[in-house]
**Q** 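Below are the structure tokens for one structure; questions will follow.
Labels below follow one simple rule: chain letters A, B, ... track the order of the sequence lines, proteins then strands, and each chain is numbered from 1. This one's a predicted model, so the numbers in the text were calculated from it and none came from an experiment.
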Number of protein chains: 2
Amino acid sequence: MRSVTIKSVADMAGVSVATASRVLSGHPSTSEVARTAVHEAASTLGFRPNAQARSLRKTSTQTIGLVLPDVRNPFFADLAHAVEQRARDFKYLTLFGNANEDTEQQDRYFDIMLTQRVDGLIAAPQGDLADLQAVLDSGVPTVFVDRVIPDTTVPSVTPDNATGIQEAVRHLTGLGHRRIGYIAGPQSTSTGRERLAAFQSALAETNADDDGALIFFGDFQSASGAAGARRLLELPQPPTALLAADSLMSIGAVGVCNERGVAIGKDIAFVAYDDIEAFSLINPALTVIAHDVNAMGSLAVDLLTQVIAGETPESVILPSRLIVRGSTPSLPGGTAS
Amino acid sequence: MRSVTIKSVADMAGVSVATASRVLSGHPSTSEVARTAVHEAASTLGFRPNAQARSLRKTSTQTIGLVLPDVRNPFFADLAHAVEQRARDFKYLTLFGNANEDTEQQDRYFDIMLTQRVDGLIAAPQGDLADLQAVLDSGVPTVFVDRVIPDTTVPSVTPDNATGIQEAVRHLTGLGHRRIGYIAGPQSTSTGRERLAAFQSALAETNADDDGALIFFGDFQSASGAAGARRLLELPQPPTALLAADSLMSIGAVGVCNERGVAIGKDIAFVAYDDIEAFSLINPALTVIAHDVNAMGSLAVDLLTQVIAGETPESVILPSRLIVRGSTPSLPGGTAS
DNA sequence: CCGGGCCGTGGAATCGTTTCCATGGAATCG
DNA sequence: CGATTCCATGGAAACGATTCCACGGCCCGG
């Protein structure tokens, strides 16, 4: 009853296992008669090759691993989708792991991916070199996407964090804002660090208030965005504009503004990092720093195939684009200061 | 240079391969001295067992397959996350496949999952029995989630489609609405069919207009929601309320309303099926038919482990809950009729 | 003091596939 | 026409782990 192996196919077709294997894998040295007999036997038996056995014999598993912080973040959901679709083009199956913005879970997934002998690994990593040591030591072809780990030679595809934030700050100060509240990402991620640095240098450049109290450190999840908005709105000198470093924290922050009756676009300006479809529905629609997520995922796979082929591709930085919408109107009605 | 196998570990520890394997898999019949030697050798060599080889010998792969229509749909992203987290509890790795709301891609993923010899399969299927034939024939333990295929004995975890839609329609008619536009899901899915049937029987029950022109058939993706809203708003007798059968189509429809200046909660009432965080941020916040997605994913895994264990668990129907928000105000300001 | 259990161990079979190698027959070339 | 090449084929090794089985040494009880 159980498994139908290549041996049963060979027996039924009246050929040897070797010949059956050659026919099924399209090896040229096969006769017409053997080919038809084997194919017929395979289809009547419903033969399905065992991927484990095949991977064991060949070196490759035709599988790539993808480790992302959280699929529930629409940005990463889009990215996962883009990677998966592109991987299909190369006949790769994508093994997906959700780190839950947690370094320990991330490392466990790295471990599993290595155990599964993935042919390559794409990750939006967090933490430092130590967390990646096992991966780097294993020598498995790796590409970073969105986030990177400094001091490695791993190729990456990342957004232009600095320019995106810079444009947003310039836009806000251009509208007259001086006190900009910033809900930052965790400093254990490269994106968290780079965006914060860009924010601070943009403040200096534009002569906006560089007040440490205006910066709140979140964790890229929506609850921390809410907490950040609460803290910033309660300051003695509250900000007249809010900038949140990712979409989930933006959702949390917008929720708090609504709940407190602080009207976005009127009482306070708002810019979100990352564009998600729902942001254009909020009334007023949110001004965002947008990226081409599809390109990001697709390029990551392309780079990975190059690494697998033994090349050492250049890292790619994708441009950011500021999309101005109703949440940052020309005539700011700032509350204070 | 390449792989470090259990043989290298055994050699280094000065024991046989058999003993090394026993130590590493925690078999009781091992001596203290062998245990320490093997463990030390394994860690200094950085030994990582080859999952393919192990799966080949044992019958199980410690892997389950999850085939969903689209991760970019926040509902399924949450579901994927819930399944994955629960699967971890059982030490299962989740292989994820995105069908893209496309039957052909779905079937290809089923094929891959079977080839990978997953220990079990969780799917939100579309299409009919024919598409599932390979899966059913293979005998791999399977559970349906969210959607089902009729005339199978596969256990499932589904939302209470009928009651959810019924409550929504009652709510709207209770507010005085008679012309309710319905953006339906594809009839190739059980959820699409059940929700439409529930809508139609609720119309009859509440004496609302049963006008075929008020029903638009979408595909659960946002563009079709936009198309539906456009069509329905352009009717000679446009609806005074809109009900969309999933979150992505709701996003599309809300976008069209905004773009046309049709004020939700004022010019038109709106109810969305499925709750996503951003819906509470839209101004006014959307009334939704909500579910406990975490429970859904978690239960699906629980059922699957039972099927794997040879039991035949009962299917579960999870309750729907209507959450009334600003998009369906008490005093409807209907545009027409 | 001897025989039966128990325990730790190593050799070898096994899982299902791919691929190397040898073989024999047909075809081609000089 | 003989020698070389080519091709389809089957046997067997290999991939890396787990596990069955046999074996020898100990311990213990009769």
**Q** Please state how far atom NZ in Lys58(A) lies from atom C1' in dT18(C), giving the value in whole angstrom units.
**A** 7 Å
**Q** Could you tell me the separation between the CD atom of Gln52(B) and the P atom of dG16(D), rounded to a whole number of Å?
**A** 11 Å
**Q** Give me the atom names and distance for the closest heavy-atom approach of Leu248(B) to Pro74(B).
**A** CD2-CD, 3.9 Å
**Q** Can you run through DNA chain C from 5' to 3' and write each base as (, ), [, ], | or . depending on how it pairs? Watson-Crick or G-U wobble, both distances under 3.5 Å.
**A** ||||||||||||||||||||||||||||||
**Q** Using a cut-off of less than 4.0 Å, is there contact between a side-chain N or O of Ser16(A) and OP1 or OP2 of dT9(D)?
**A** no
**Q** Any chance the side chains of Asn73(B) and Asp246(B) put a donor and an acceptor closer than 3.5 Å?
**A** yes
**Q** Does Val301(A) reach the side chain of Phe90(A), with side-chain heavy atoms less than 4.5 Å apart?
**A** yes
**Q** Between Leu114(A) (CG) and dG16(D) (P), how many Å, whole number?
**A** 16 Å
**Q** Can you find a donor-acceptor N/O pair under 3.5 angstrom joining the side chain of Arg22(A) to the base of dG10(D)?
**A** yes
**Q** Between P on dT14(C) and CD1 on Ile6(B), what's the gap in Å once rounded to a whole number?
**A** 20 Å
**Q** Categorize Thr5(A) for me: base, sugar-phosphate, or nothing, with a 4.0 angstrom heavy-atom threshold over every strand shown.
**A** sugar-phosphate
**Q** Over all heavy atoms of both residues, which pair between Pro159(A) and Met296(A) is shortest? Give the atoms and the distance, please.
**A** CD-CE, 3.5 Å
**Q** Rounding to a whole Å, what distance do you find between Leu56(B):CG and dA17(D):P?
**A** 12 Å
**Q** Can you measure Lys7(A) atom NZ to dG10(D) atom P for me and round it to whole angstrom units?
**A** 13 Å
**Q** Heavy atoms within less than 4.0 Å of DNA chain C: which residues of residues 24-33 of chain A have one? Give them sorted by number.
**A** none
**Q** Could you note down all residue pairs passing side-chain hydrogen bond (donor to acceptor under 3.5 Å, both in side chains) where residues 110-123 of chain B supplies at least one of them, sequence neighbours left out?
**A** Arg48(A)-Asp111(B), Thr61(B)-Asp119(B)
**Q** Is it true that Glu104(A) and Arg88(B) have a side-chain N and a carboxylate O under 4.0 angstrom from each other?
**A** no
**Q** Could you tell me the separation between the CD atom of Gln187(A) and the CZ atom of Arg193(A), rounded to the nearest 0.5 Å?
**A** 7.5 Å
**Q** Before accepting this row, confirm whether a basic side-chain N of the pair Arg72(A)/Glu84(B) lies closer than 4.0 Å to the acidic partner's carboxylate O.
**A** no
**Q** OP1 or OP2 of dT17(C) less than 4.0 angstrom from a side-chain nitrogen or oxygen of Ser21(A), does that happen here?
**A** no
**Q** Just to be sure I understand the rule, does Val15(A) reach a base, reach only the sugar-phosphate, or reach nothing, if contact means heavy atoms closer than 4.0 Å?
**A** sugar-phosphate
**Q** Kindly compute the distance separating CG (Asp102(B)) from CD (Gln126(B)), expressed to the nearest 0.5 Å.
**A** 7.0 Å
**Q** As an exercise, state the distance from CG of Leu68(A) to CG of Asn100(A), rounded to the nearest 0.5 Å.
**A** 11.5 Å
**Q** Considering just the side-chain nitrogens and oxygens of Ser3(B), establish if one lies under 4.0 Å of OP1 or OP2 belonging to dG16(D).
**A** yes
**Q** Output the rounded distance in Å from CD (Gln116(A)) to P (dC15(D)).
**A** 21 Å
**Q** Looking at every strand, decide which applies to Ala34(B) at a 4.0 Å heavy-atom threshold: base, sugar-phosphate, or nothing.
**A** sugar-phosphate
**Q** I'd like to know if Arg57(B) reaches the base of dT18(D) with its side chain such that a donor and an acceptor end up less than 3.5 angstrom apart.
**A** yes
**Q** Let me know the distance between CG of Asn50(A) and C1' of dT17(C), rounded to the nearest Å.
**A** 8 Å
**Q** For Val23(B) and Ala53(B), find the nucleotide of DNA chain C closest to each by heavy atoms; which residue's nucleotide sits nearer the 5' end?
**A** Val23(B)
